[in-house]
**Q** 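Below is one structure. I have some questions about it.
Naming convention: chains lettered A, B, ... in sequence-line order (proteins, then strands); numbering from 1 in each chain.
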Amino acid sequence: MSDLRATRIEKAEQLRELGKNPYEYRWESTATAAALQEKYADLENGQEVEVEVAIAGRIMNRRVFGKLAFFTLQDETGTIQLFLDKKKIQANMGEADEKAFNNLKNLTDAGDIIGVKGSVRRTDKGELSISAAEYLILTKSLLPLPDKWHGLTDVEKRYRQRYVDMIVNPEVRTTFRRRAKITAAIRRYLDERDFIEIETPVLQTEAGGAAAKPFVTYHNATEMQMYLRIATELHLKRLIVGGFEKVFELGRIFRNEGVSTRHNPEFTSIEIYQAYADYDDMMALTEAITVYAAEDVLGTLEIEYQGEKINLQAPWKRITMHDAVKEATGVDFAAFESLDEAKAAAQEAGIHGVAEMPSIGKILNEAFEQKVEENLIQPTFIIDYPVEISPLAKPHRSKPGLVERFELFIVGRETANSFSELTDPVDQRQRLEAQAAAKAAGDEEANDVDEDFLTALEYGMPPTGGLGIGIDRLAMLLTDSPSIRDVIAFPLLRSEKAMQNEPTEEA
RNA sequence: GGGUUGCUAGCUCAGCGGUAGAGCACUCGGCUUUUAACCGAUUGGUCCUGGGUUCGAAUCCCAGGCGACCCA
């Protein structure tokens with residue numbers, strides 16, 4: 001199907017022969033489509049305003065008559081019609097180009113990018129338009145746009161060729177504009193409170209700070225195997241040791257895991273650490289940041305997600321993991337003396353896959369994931385986790401066996417995770433060594449001991465509250481997007497070409 | 001990992017064992033108030049790939065590829 005393309009290359013060539021550059025250098029606009037639509041909303045049909053405006057954008061649609069043409073022009077803000085009258089264009093451009101109007105008819109296509117100068121007028125039929133006096137073709141497009149009516153709906157194509165998706169589905173651009181506003185709002189909020197953003201390494205010799213399988217890579221010059229970070233936690237804590245009291249990093253994290261509507265192997269988190277604070281402070285901060293971002297982006301705290309009404313008004317519900325599980329299953333895991341007792345009760349309550357679990361804490365967590373998580377629609381802090389699943393959190397000040405940790409759930413999804421950070425280097429070493437042992441025993445989500453991190457802790461870290469927020473999931477919530485791929489501009493997809501060169505160590 | 005499902009023209013889709021189709025887009029002709037412009041004519045295909053069954057396969061079967069949704 002190179003016919004269309006060949007025709008357009010030929011048109012570009014014709015433009016060159018006419019002394020025009022089909023790939024121009026610059027254009028100065030004085031207006032945008034949306035601003036004009038707003039400013040002249042009350043202009044009556046058939047009325048023209050004698051102002052000169054300059055605008056540029058992509059031709060989305062062409063309706064061409066013998067001596068008159070209507071183009072739909074799209075810029076980043078929206079669309080506006082071009083009213084192209086042969087007489088007017090020839091009167092203005094005719095001296096230099098006697099075929100100016102015909103060239104517009106014959107050498108432009110839907111998809112081309114064009115600059116236009118003219119006056120503002122509302123046509124007899126009521127469409128606000130720019131009545132063109134002159135135009136300049138800025139970029140000749142060689143490929144046809146998708147069907148002007150049905151657009152681009154093939155999901156795979158939309159992801160693989162997101163630029164086309166963005167051209168023809170304006171709501172996609174709205175989503176990414178909103179996502180940018182979310183991250184900007186969060187940074188502004190933190191900046192105003194004297195948090196500073198410090199960039200920590202993506203390439204690391206030890207992956208740590210989370211339970212996840214890392215991507216492995218190799219640095220030639222130092223002959224080191226390296227990992228892409230799975231969290232920013234351990235380096236941000238080093239900064240706290242170093243004397244910073246309020247730090248954060250909003251950036252990309254990599255986990256070598258599957259793809260789903262909630263997971264992409266690279267995603268964005270923000271981790272925030274505040275010295276002399278604890279997880280109660282972090283709960284308040286989580287609420288404040290989310291509320292601030294929602295108000296900035298949506299102007300309201302009463303939002304709708306996939307048809308469900310969500311109220312972000314703080315304070316949010318807080319409930320311990322034990323109580324949440326007890327409410328849902330009737331089982332009180334705090335009451336068990338032995339692992340077997342807990343397993344039996346869990347199985348009785350219809351919780352699957354607990355037979356091999358090594359601790360009551362893991363069973364509790366499993367019960368939570370199976371019976372509670374998906375029902376946490378309104379923002380809810382689940383607090384006080386078992387120590388077994390929280391190797392970086394400080395022991396609870398009053399509840400043995402638990403740590404001071406919370407996770408935030410909204411629309412059934414974990415959206416934030418936070419602790420009073422563990423600052424005892426001896427305790428921390430024991431817990432990391434247990435993780436390393438688990439890795440040695442085959443747990444792919446466990447990682448080795450980061451000795452340098454422990455050294456840092458031994459120099460002394462102040463009491464610290466830490467918080468991680470999943471930016472993609474927050475963006476999904478605030479853009480009403482059902483899939484994480486909708487809020488990632490270029491989500492990971494398998495290569496279209498079958499790859500034969502993948503190394504698999506699986507036997 | 002399992003289940004369901006999709007892949008046909010640039011786009012959106014129909015065809016489901018008997019000569020590969022429609023609308024839009026493209027090309028050509030006509031047209032000064034259209035907005036899915038209209039009227040007329042034309043053009044356009046690795047039916048995802050590879051095997052198999054059959055006189056005959058886009059269609060049925062097997063394997064694979066790339067997606068989507070659901071489940072553990």
**Q** Using a 6.0 Å cut-off, check whether atom CD of A:E98 has over 12 heavy atoms from anything other than its own residue.
**A**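 For A:E98, atom CD is not crowded (no more than 12 foreign heavy atoms under 6.0 Å).
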**Q** Could you check how far CG of A:L107 sits from P of B:C28, rounded to whole Å?
**A**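 Those two atoms, CG and P, are 10 Å apart.
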**Q** Roughly, in whole Å, what's the span from CH2 in A:W149 to P in B:C38?
**A**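 Distance, rounded to whole Å: 12 Å.
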**Q** Side chains of A:T479 and A:D486: does their closest heavy-atom pair fall under 4.5 Å?
**A**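 When only atoms from C-beta onward are counted, A:D486 and A:T479 do not touch, as no gap falls below 4.5 Å.
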**Q** Within 45 degrees of the axis of the six-membered ring of A:Y385 and under 6.0 Å from its centre: does A:R405 put its NZ or CZ there?
**A**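 The answer is yes; both the distance and angle limits are met.
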**Q** If you take the centroid of each ring, where Trp contributes its six-membered ring, are A:F70 and A:F83 closer together than 6.0 Å?
**A**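 Yes.
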**Q** Hey, does A:K105 reach any base, or is it just sugar-phosphate, or nothing, if we go heavy atoms under 4.0 Å?
**A**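 No contact.
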**Q** Using a distance-only criterion (donor-acceptor N/O pair, under 3.5 Å, no hydrogens), is the base of B:U35 paired with the side chain of A:N61?
**A**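 Answer is no: no donor-acceptor pair is held.
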**Q** On RNA chain B, check which nucleotide each of A:L492 and A:R63 is closest to and give me the residue with the more 5' one.
**A**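 On the 5' side of the pair lies A:R63.
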**Q** Using the P atoms only, state how far B:C38 lies from B:G23, rounded to an integer number of Å.
**A**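 Each nucleotide's P atom is 12 Å from the other's.
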**Q** Can you tell me, in whole Å, how much space there is between the P of B:C48 and that of B:C24?
**A**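 Going atom to atom, P in each nucleotide, I get 24 Å.
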**Q** Just call it for A:G46: base, sugar-phosphate, or nothing, with non-hydrogen atoms closer than 4.0 Å on any strand.
**A**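 Counting heavy atoms under 4.0 Å across all strands, no contact is made by A:G46.
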**Q** Considering every strand and a 4.0 Å limit on heavy-atom distances, what is the contact class for A:V64: base, sugar-phosphate, or nothing?
**A**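 Base, at least one base atom sits under 4.0 Å.
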**Q** Which part of the nucleic acid, if any, lies within contact of A:K86, taking any heavy atom under 4.0 Å across all strands shown: a base, the sugar-phosphate backbone alone, or nothing?
**A**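 Nothing, no nucleic acid heavy atom in range.
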**Q** Counting only side-chain heavy atoms from C-beta out, which of B:C26, B:U12, B:A36 sits nearest to A:D154?
**A**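 The nucleotide sitting nearest to the side chain is B:U12.
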**Q** Out of B:C26, B:G67, B:A37, which has the shortest distance to the side chain of A:L493?
**A**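 Of the options given, the side chain of A:L493 lies nearest B:G67.
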**Q** Does any donor-acceptor pair link the side chain of A:D147 with the base of B:G23 at a separation under 3.5 Å?
**A**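 Under the 3.5 Å cut-off, the side chain and the base do form a donor-acceptor pair.
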**Q** Between A:D109 and A:R62, does any NZ, NE, NH1 or NH2 come within less than 4.0 Å of an OD or OE carboxylate oxygen?
**A**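 Looking at A:R62 and A:D109, the cut-off is not met.
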**Q** With the side chain of A:Q81 defined as its heavy atoms from C-beta on, choose the nearest nucleotide among B:A68, B:U35, B:C11.
**A**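 Among the listed nucleotides, the one closest to the side chain of A:Q81 is B:U35.
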**Q** Please report the distance, rounded to the nearest Å, between CD in A:E374 and P in B:C70.
**A**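 That distance rounds to 12 Å.
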**Q** For the pair made of NZ in A:K67 and C1' in B:G30, what is the distance, rounded to whole Å?
**A**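 Atom-to-atom, A:K67 to B:G30, this comes out as 12 Å.
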**Q** Mind checking A:T72 for me? I need base, sugar-phosphate or nothing, with any heavy atom below 4.0 Å counting as a touch.
**A**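 If one applies the 4.0 Å heavy-atom cut-off, A:T72 turns out to touch nothing in the nucleic acid.
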**Q** Tell me what A:R121 touches on the nucleic acid: a base, only sugar-phosphate, or nothing, going by heavy atoms under 4.0 Å.
**A**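 Here A:R121 touches the bases of the nucleic acid.
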**Q** With C1' as the reference atom in both, quote the distance from B:A22 to B:G67 in angstrom, rounded to an integer.
**A**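 Here B:A22 and B:G67 have their C1' atoms 26 Å from each other.
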**Q** Heavy atoms only, 4.0 Å cut-off, all strands: where does A:T123 land among base, sugar-phosphate and nothing?
**A**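 Here A:T123 touches the bases of the nucleic acid.
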**Q** Taking the C1' atom of each, how far is B:U12 from B:A36, in whole Å?
**A**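 My reading of the C1' atoms in B:U12 and B:A36 gives 13 Å.
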**Q** Can the positive tip of A:R229 be found less than 6.0 Å from the middle of the six-membered ring of A:F254, inside 45° of the ring normal?
**A**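 The answer is no, since A:R229 fails at least one limit relative to A:F254.
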**Q** Are the charged groups of A:K20 and A:D97 less than 4.0 angstrom apart, N to O?
**A**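 A:D97 and A:K20: salt-bridged.
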**Q** Do the side chains of A:E48 and A:K88 get close enough for a salt bridge, i.e. N-O under 4.0 angstrom?
**A**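 The answer is yes: the pair qualifies as a salt bridge.
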**Q** Between B:A36, B:G10, B:C66, spot the one nearest the side chain of A:K148, thanks.
**A**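 For A:K148, the side-chain atoms sit closest to B:A36.
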**Q** From the options B:G6, B:C24, B:C13, select the nucleotide whose nearest atom is closest to the side chain of A:T153.
**A**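 For the A:T153 side chain, the nearest candidate turns out to be B:C13.
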**Q** How is A:L145 classified with respect to the nucleic acid when contacts are heavy atoms under 4.0 Å: base, sugar-phosphate, or nothing?
**A**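 Contact class for A:L145: none.
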**Q** So what does the secondary structure string of RNA chain B come out as, 5' to 3', with Watson-Crick or wobble pairs under 3.5 angstrom, [ ] for crossing and | for pairs with another strand?
**A** (((((((..((((....[..))))..((((.......))))......(((((..]....)))))))))))).
**Q** Output yes when at least one side-chain N/O atom of A:K157 is less than 4.0 Å from OP1 or OP2 of B:G10, else no.
**A**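 Indeed not, no polar side-chain atom of A:K157 lies that close.
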**Q** Could you check which of B:A37, B:A68, B:C66 has an atom nearest any side-chain atom of A:E156?
**A**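 The closest nucleotide is B:C66.
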**Q** Kindly point out which of B:U33, B:G67, B:U27 is positioned nearest to the side chain of A:F83?
**A**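 It is B:U33.
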**Q** Quick check on RNA chain B: between A:K87 and A:S483, whose nearest nucleotide comes earlier from the 5' end?
**A**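 This one resolves to A:K87.
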**Q** So, does A:R485 get its side chain near the phosphate of B:C69, meaning an N or O under 4.0 Å from OP1 or OP2?
**A**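 Answer is yes, contact under 4.0 Å.
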**Q** How many Å lie between CZ on A:R8 and C1' on B:C26, as a whole number?
**A**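 In whole Å, B:C26 C1' and A:R8 CZ are 8 Å from each other.
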